[in-house]
Amino acid sequence: AKEGKKELTTNFYVINEKVIMSGMFGNGEYKILNKNQNGFIAINSSFIGNDYGIETILIDNTSKKFIYKSKISNNNKNNFMEIKGYCKFLN
């Protein structure tokens, strides 16, 4: 890694029709909406007090990349987060 840049690790465990995420960005269980040889998309949603949160994970098997997005429906300016990264697949 370059000086000043930190590499963070997030693990995704695929079990049947669920994905378990564990890492610096949080932990959670996601339901797979669509899965094929190219990858999958999974979603998690919940109520947080009066706010509603939704998170999505897209894993692209072809390019070995992932995108994680989180959105909370509140009045805070920082209510959306997007993280992109590279995957290393282990069987």
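Since the structure is predicted, the reported quantities are computational estimates derived from the model, not experimental observations.
In this structure, CD1 on I32 lies 9.5 Å from CD1 on I57, to the nearest 0.5 angstrom. Between I20 atom CD1 and Y30 atom OH the span is 9.5 Å, to the nearest 0.5 Å. Within the model, atoms CG of L58 and CZ of F66 stand 10.5 Å from one another, a figure rounded to the nearest 0.5 Å. The CD1 atom of I59 sits 11.0 Å away from the NZ atom of K64 when rounded to the nearest 0.5 Å. Atoms NZ and NZ, on K65 and K84 in that order, are 8.0 Å from each other to the nearest 0.5 Å. Going from atom CG of D60 over to atom SG of C87 covers 8.5 Å, rounded to the nearest 0.5 Å.
With no hydrogens or angles considered, a side-chain donor-acceptor pair links E55 and Y68 at under 3.5 Å.
Across D51 and S73, no two heavy atoms sit closer than the pair OD1-O, 3.3 Å.
Under the 4.5 Å side-chain heavy-atom criterion for Ile, Leu, Val, Met, Phe, Trp and Tyr, I83 and I41 are members of distinct hydrophobic clusters. Under the 4.5 Å side-chain heavy-atom criterion for grouping Ile, Leu, Val, Met, Phe, Trp and Tyr, V14 is not connected to L33 through any hydrophobic cluster.
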**Message:** For a side-chain contact (heavy atoms from CB on, under 4.5 Å) check, start with the C-alpha distance between M21 and N27, then their side-chain angles and the critical distance, and finish with the verdict.
**Reply:** CA-CA 5 Å; M21 181 179 84; N27 301 305; over 6 Å; no
**Request:** Could you give me the CA-CA distance, side-chain angles and deciding distance for K18 and Y13, then say whether side-chain contact (heavy atoms from CB on, under 4.5 Å) is met?
**Result:** CA-CA 8 Å; K18 293 181 183 176; Y13 304 96; over 6 Å; no
**Prompt:** Under the side-chain contact (heavy atoms from CB on, under 4.5 Å) criterion, do F12 and V19 qualify, and how do the steps go?
**Reply:** CA-CA 6 Å; F12 299 101; V19 176; 4.1 Å; yes
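The backbone N or O of K71 sits nowhere less than 3.5 Å from a side-chain atom of N79 that would complete a donor-acceptor pair.
In this structure, the side chains of I43 and I54 come closer than 4.5 Å at one or more pairs of heavy atoms.
For K88, there are no salt bridge (Lys or Arg N to Asp or Glu O under 4.0 Å) partners, not counting sequence neighbours.
Residue pairs satisfying the side-chain hydrogen bond (donor to acceptor under 3.5 Å, both in side chains) criterion with at least one member in residues 35-50, sequence neighbours excluded, are listed as follows: S45-Y52.
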